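Here the structure is laid out as structure tokens; the discussion comes afterwards.
Treat the numbers as computed from the prediction; the structure is a model and nothing was measured.
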Amino acid sequence: MKKIIPIKELRNTNEISKYCHLYGKPIFITKNGYSDLVIMSDECYENLGKNEIELESTPRLYSRKIEVQEKNNGFIKVCASNFQCKISDVDHNKNKIIEQINKAYKNNAKIIVLPELALSSYSCCDMLLSDSLLKNVQKAIDEIMIKTRDVEAFYTFGAPLTFQDKLYNCAICAFKGQILGVVPKTNIPNYNEFYEKRYFEEFNLNYIAQIQINDNLYPFSNNLLFRNSKYTNEVIGVEICEDMWVNIPRSSILSQLGATIICNLSSSNETVGKENIRRELVKTTSYRSKIGYIYASSSYNESSADLLFSGHNIICEPDGILKESTLFDESEIYSEIDIDRIIIERRLNYNYERNKTSYQIIDFSCGIMNNTLTREYQKYPFISPNNSKNEILKIHLMQAKALERRLIQIGCKDIVIGVSGGLDSTIALLACVKAFDNMKLPRKNIHAITLPCFGTTSRTKDNATLMCENLKVHLQTIDIKKSVDQHLLDLNISKEDQSIAFENSQARERTQVLMDYSNKVKGIVIGTGDLSEIALGWSTYNGDQMSMYNLNCSIPKTLIKEMTYHLSDVYPEIKDILLDILDTPISPELLPPEEGKIVQITEDVIGPYVLHDFFLYHFIYHKLDVNKVFFITKETFKNEYDEETIRKWFIHFIRRFFNNQFKRSCSPDGPKITELSLSPRGDFRMPSDASGKSFIQQLENNKQQA
């Protein structure tokens, strides 16, 4: 590691001598931010011919010793802020910046971002070249540092600064009243309404320079990273407005250098349609580079002349926008960025590579403990909150297209499906109908079979029958009571004991009938088990667990219910039936009803599907820490379930998930439609003897510590 000091320190010969012998490396002396002299110890000089030292340019990594990592839940509370600026009024803007930084800190923000050129204003044009204004900027920066020295947060604001007799559009980056470094804008626009090249120089140096602000020198580069030594996953990079809009954004390079959060100081004018472009650009940048993104833009007070600004602030992470401001609203927005989630995404993304560019890491020490969340998690993470119906129609089409492809592949024109009058078989049947309509095959080639037995109620049987009749598929009822009676008699099992053998004998008999019937008509059996049931192992091995092609294998129960609701409009001839199916308690109907009503309620036995799908999404798909999933589940469902109920069902989920992997290890083919599949040939690979005990222990330890 190279030691770099400014040339004014040459008078401290004893100190320099100590460094030379201590490091055994050359000491690089800088002048006006550029390398000027190299000093080394005698031993170091003697080793020059032995190639034991390196003088060529290498990445410069300067950091203090890493501190003991703070225990936290991985969330960083951040703020994107704008304010009522006054053009070229540095004193006014300085006071507003101080006010906004302190306000955000009081609201527990640990990263605070203000707009581009916030100190001078963006629209002051030729006044940016005024020596008086630039001197006021230097003075104001010192005053901001004095008035924010108690702010234990990383904060950044825009200011025009001179370096090597050129003017740069800069971001001042600070912590507790100390400037950590200065990031210049890399890409200076010079098109349409923007004429920044009239004032500012593009930064194109390929090394870390030093810029003078008042009486001190600070790191000056567009490759600075700011790392929290108390939580080293928090690595902040900074880009300025146009740097995001170019074909190779600075954020892409900074993320490759290790940044997990990008701050964008912007002054983006508002035009019709630009809001959507800006929003999508932030989302795409965050997703592509796997970073948290904080975008702060100038308020509408920035101009009333040729341009109009809107103060569009956005906080985003790879999964989407967390918070954004209302246009033309001078205020700040807050949310929590999940850095753990970003790190996990990078770990899973094998194409994510480190950049070899020279860069500098600057450490600061900031506690981030945050035990509350202002951000909201979707209670139904598999369901799109904004475009649900269109997404449902797409899923319905995807199921149909998958089945079409399979039937073409095997040269088959008949299918067999067991129809129970429940949610899963209904959704699978509707996909079959759409596929056959698309292929111009008669619906009579869909052999829908109802298989009533001991637990079947008239409500479900009638719904199944009426639905098949109205859809004009081939319907057949095969009562399996006698077959199951004989089977139980052969096994010497009494119907009164109602054991697991009693239940599973019915499920396996149904599967046997469907399989044999498919041989009869030269068709294939369509499976109906959904993703939630597959995850929980809520199926009978070699019973409903098995089929020849499963259309629902990637669709969880909560989404199945949503599909049933929206498809009732697509199939008006069975709308009332679908809505009644939706209102029917979820049950395998393997135990005899009481007074004609279902007694075996699935969610009473295994827990609420809304919780299990939440666990499935965040614990299995997003691979979050078990205690973190517990934390966000408590926050999300605090008005529905108490802490002990959530812990109980989470432990139940983990236990069932691991104990039933053997059922998933021999799953039939089926299309991946949502972002998660548990197919052993695709997304999820796990040995059947894997144990979930350590995860359960973490949850139990969490309870004891609380």
Side-chain angles (χ1 to χ4, degrees), residues 376-403 417-435 437 448 457 459-471 473 526-536 538 550-589 598 601-603 606-614 616-617 636-637 639-640 671 673-676:
E376 294 181 355
Y377 281 85
Q378 294 180 46
K379 293 179 180 179
Y380 304 93
F382 289 97
I383 301 173
S384 172
N386 300 319
N387 199 17
S388 182
K389 184 165 186 177
N390 286 340
E391 193 161 284
I392 294 306
L393 296 178
K394 180 181 178 182
I395 293 170
H396 185 49
L397 176 62
M398 290 172 70
Q399 285 184 294
K401 287 298 179 183
L403 179 57
I417 181 170
V419 182
S420 66
L423 292 163
D424 294 340
S425 62
T426 296
I427 291 302
L429 175 62
L430 292 177
C432 295
V433 167
K434 186 169 183 63
D437 288 350
T457 61
R459 179 179 184 180
T460 54
K461 185 178 183 302
D462 290 347
N463 278 337
T465 301
L466 288 170
M467 178 169 58
C468 293
E469 289 174 349
N470 280 279
L471 290 173
V473 301
I526 300 301
T528 63
D530 65 57
L531 179 64
S532 306
E533 293 180 344
I534 293 170
L536 292 162
W538 188 247
N550 186 357
L551 288 176
N552 291 341
C553 63
S554 180
I555 307 176
K557 186 73 77 178
T558 50
L559 183 51
I560 289 280
K561 294 179 74 172
E562 188 77 359
M563 290 181 69
T564 305
Y565 174 75
H566 285 294
L567 290 179
S568 66
D569 291 328
V570 178
Y571 297 91
E573 67 272 30
I574 56 169
K575 178 168 184 164
D576 291 342
I577 300 169
L578 292 180
L579 294 178
D580 192 65
I581 290 172
L582 188 60
D583 195 46
T584 302
I586 299 170
S587 171
E589 291 195 319
I598 296 172
I601 308 299
T602 297
E603 291 181 291
I606 62 171
Y609 276 115
V610 66
L611 288 181
H612 288 314
D613 285 357
F614 196 84
L616 179 63
Y617 188 84
T636 303
F637 293 95
N639 295 325
E640 286 89 359
I673 288 177
T674 65
E675 55 264 56
L676 175 61

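Thr674 places a side-chain N or O within 3.5 Å of a backbone atom of Ser554 that can act as its donor or acceptor partner. Here the side chain of Asn552 pairs a donor or acceptor atom with the backbone of Asp424 at under 3.5 angstrom. A distance-only check finds no donor-acceptor pair linking the side chain of Ser388 to the backbone of Pro385 [under 3.5 Å]. The closest donor-acceptor contact from the side chain of Glu573 to the backbone of Asn470 lies at 3.5 Å or more, if one exists at all. At least one donor-acceptor pair under 3.5 Å links the side chain of Asp530 to the backbone N or O of Glu533. A donor-acceptor contact shorter than 3.5 Å is absent between the side chain of His396 and the backbone of Ile427. At least one donor-acceptor pair closer than 3.5 Å links the side chain of Ser532 to the backbone N or O of Lys557. For Asn550 (side chain) and Gly529 (main-chain N/O), a donor-acceptor pair under 3.5 Å exists by modelled atom type. When atom types are taken as modelled, the side chain of Thr564 and the backbone of Leu423 share no donor-acceptor pair closer than 3.5 angstrom.
Residues Cys553 and Leu531 have side chains not in contact (no heavy-atom distance under 4.5 Å, counting atoms from C-beta outward). The shortest side-chain heavy-atom distance between Tyr609 and Trp538 falls under the 4.5 Å cut-off. Using a 4.5 Å heavy-atom cutoff, the side chains of His612 and Thr558 are not in contact.
To the nearest 0.5 Å, atoms OG (Ser587) and CD1 (Ile601) are separated by 5.5 Å. In this structure, CD in Glu469 is found 10.5 Å from CG in Leu471, a value given to the nearest 0.5 Å. Going from atom NZ of Lys434 over to atom CD of Gln399 covers 11.0 Å, rounded to the nearest 0.5 Å. Distance check, rounded to the nearest 0.5 Å: CD1 of Ile395 to CZ of Phe382 gives 11.0 Å. From Asp462, atom CG reaches atom CE of Met467 across 12.0 Å, with rounding to the nearest 0.5 Å. We find the NZ-CD1 distance between Lys575 and Ile577 to be 13.0 Å, quoted to the nearest 0.5 Å.
Heavy-atom neighbours of Tyr377 OH from other residues, nucleotides or ligands within 6.0 Å: above the threshold of 12. Within a 6.0 Å radius of CD in Gln378, more than 12 heavy atoms belonging to other residues, nucleotides or ligands are found.
Heavy atoms only, all atoms of each residue included: Glu603 and Pro608 are closest at OE2-CA, 3.5 Å. Heavy atoms only, all atoms of each residue included: Thr528 and Gly418 are closest at CG2-O, 4.3 Å. Residues Leu551 and Ala431 share a closest heavy-atom pair of CD1-CB, 3.9 Å. For the pair Lys561 and Leu582, the tightest heavy-atom approach, listed with the atom from each and the gap, is O-CD1, 3.5 Å. Between Cys468 and Leu429 the shortest heavy-atom distance is SG-CD2, 4.1 Å. Residues Pro585 and Ile598 approach most closely at O-CD1, 4.0 Å, considering heavy atoms.
Aromatic rings from Phe614 and Phe637 are positioned such that their centres are separated by under 6.0 Å.
Each of Ile574, Asp580, Asp576 was scored for a side-chain contact (heavy atoms from CB on, under 4.5 Å) with Leu578, with one residue passing: Ile574. Of the residues Leu559, Ile383, Val570, the one that meets the side-chain contact (heavy atoms from CB on, under 4.5 Å) test with Ile392 is Leu559.
Residues Thr457 and Glu589 bring a donor and an acceptor atom of their side chains to less than 3.5 Å of each other.
Look at Asp583 and Arg459 and you find a salt bridge, because one of the NZ, NE, NH1 or NH2 atoms lies within 4.0 Å of a carboxylate O, short of that distance.
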